[in-house]
> 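Shown below is the structure under consideration.
Predicted model, so just to flag it, every value in this text is computed and none were measured. As a basis for the values below, the full set of heavy atoms in this structure was taken, side chains included, without hydrogen atoms, waters or symmetry mates.
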2 protein chains.
Amino acid sequence: MGEATARPLRADAERSVRVILEAAERVLAADPGASLEQVAAAAGVARTTVHRRFASRQALVEALASSAARRLADAVDDGRPDTAPPLVAMHRITANVLQVKGAWAFALEQAAEPSGEAADLQREVDRRCVTVLERARDEGLIDAAADLDWVRRVYYALLGETLRGDPAGDPDVLAARVVDTLLRGAGPRP
Amino acid sequence: MGEATARPLRADAERSVRVILEAAERVLAADPGASLEQVAAAAGVARTTVHRRFASRQALVEALASSAARRLADAVDDGRPDTAPPLVAMHRITANVLQVKGAWAFALEQAAEPSGEAADLQREVDRRCVTVLERARDEGLIDAAADLDWVRRVYYALLGETLRGDPAGDPDVLAARVVDTLLRGAGPRP
DNA sequence: ATTAACTGCATCACTGCTGTTGCGCTTCGT
DNA sequence: ACGAAGCGCAACAGCAGTGATGCAGTTAAT
């Protein structure tokens, strides 16, 4: 609705948008209350340029959220959630998502209003996530009586905790720990 | 150091401090950037009174963090982490902490500087938490090879996710789910 | 090569939050 | 009952962030 007449930007303008969004993620992740001045400085751009590309602070944050949500959705799709064997898909999706969420933590935390593009994409991600869990359950990897919505939320929480504590570990190792913990917990191994 | 000459407050002043801290938690949890004006209004107090009791916004937030950290430490202690059977202690501590963290979410998220009272209390809570996990491991409830620091972090993440999604469920039911998920994950039950 | 778009810079107005002070009234402590 | 401590209210100064504008110089697209 809002960007109906979005005529194409010139190459340098498009580059400005990109560097501003990247800088905004870095700066706002460190301090959510940081000023647009700081964002502009981190982007190597004048503050007025930020205002030229994004009508308001809110518009910038929304664009940031949408951008990150697209990357996240792509990361999930790349794991073939509908066709790959569940365990393979879970591992691959987890490794992908860890990288995207690590690089776009602030953007993905912004709760977009339910009508926005970011919220749509997030719902789609949730849907695909549950799909994988259902397929895992059908294969006996997850208890038949388990509440899949709770399992999904636990999965998200494990991702978040991994990123909080292990900012730059090997994605495959971290993903293996997440999946293992999700499926088997901390209890004794037979 | 800072509050060396803290002569006792009059009863009404102490009451002001209490209602301001409670209001600050409510208001700042809803919007971390809210003004002291809003906090004062929610507390039913004039803005100048807030400034009288807390020299600056930062001082208010620190006092809030310390206050909440004390409650959290008490909640853990109440579960007898050193003496009760591990599973009993885990359940009781979880139920207690769910209530405290639910009521003081914002305050407990404030990362105090390492020298403050809040940080000391948080470290003490971490320590007692690991103690319980060690006792659980010694009883065979947790795998002998498990990384207890990771287990503790998973435990915290499960608490956080529970509070995010189930704001006001029965603490005992929610605690049971947290402990069960922590120890056994989502996999099939024998 | 020409034009339209873009950027940086300087400047301005506006807003909202913070922190302080002074004064009169009320409430607590003893 | 008395005095000290606390409160609400009003007013003020200061500051930072936001958003807008005009202009001169640069860059991309045809």
> Tell me which of B:Gln58 and A:Val45 sits closer to the 5' end of DNA chain C, going by the nucleotide each one is nearest to.
A:Val45

> Choosing from D:dG19, D:dT18, C:dT20, which nucleotide comes nearest the side chain of B:Arg47?
C:dT20

> Of the options D:dG8, C:dT7, C:dG8, whose atoms approach the side-chain atoms of B:Thr49 most closely?
D:dG8

> Looking at B:Asp82 and B:Arg128, is any side-chain nitrogen of the basic one under 4.0 Å from a carboxylate oxygen of the acidic one?
yes

> Flag yes if more than 12 heavy atoms outside A:Arg123 fall under 6.0 Å of its CZ atom; otherwise flag no.
yes

> Give the rounded distance in Å between these two atoms: CZ of B:Phe54 and C1' of C:dC17.
18 Å

> State whether a side-chain donor-acceptor pair under 3.5 Å links B:Trp104 with B:Ser67.
no

> Would you state whether a donor and an acceptor, one from the side chain of B:Arg53 and one from the base of D:dG6, lie under 3.5 Å apart?
no

> Does a side-chain N or O of A:Ser16 approach OP1 or OP2 of C:dT7 to a distance below 4.0 Å, or not?
yes

> Around atom CZ of A:Arg15, are there more than 12 heavy atoms of other residues, nucleotides or ligands at under 6.0 Å?
no

> Has the side chain of B:Arg52 got a donor or acceptor atom sitting under 3.5 Å from an opposite partner on the base of D:dG8?
yes

> Quick one: do B:Arg152 and B:Asp149 make a salt bridge, cutoff under 4.0 Å?
yes

> How many Å lie between CD on A:Glu37 and P on D:dC15, as a whole number?
17 Å

> For B:Arg164, I'd like to know if atom CZ has over 12 heavy atoms of other residues, nucleotides or ligands within 6.0 Å.
no

> Just how far, in rounded Å, is P of D:dC9 from NE2 of B:His51?
16 Å

> Any Lys/Arg nitrogen of B:Arg177 or B:Asp166 sitting under 4.0 Å from an Asp/Glu carboxylate oxygen of the other?
yes

> To the nearest Å, how far apart are B:Ile20 CD1 and D:dC7 C1'?
11 Å

> Report the distance from atom CD of B:Glu14 to atom C1' of C:dT27, rounded to the nearest whole Å.
15 Å

> Taking the minimum atom-to-atom distance to the side chain of B:Arg57, which one of D:dC7, C:dG19, D:dT18 wins?
C:dG19

> For A:Ala55 and A:Gln38, find the nucleotide of DNA chain D closest to each by heavy atoms; which residue's nucleotide sits nearer the 5' end?
A:Gln38

> Summarise protein proximity over nucleotides 25-30 of chain D in one line of letters, 5' to 3': B for base, S for sugar-phosphate only, - for none, counting protein heavy atoms closer than 4.0 Å.
--BSS-

> What's the closest nucleotide to the A:Thr48 side chain, out of D:dC7, C:dC17, C:dG8?
C:dG8

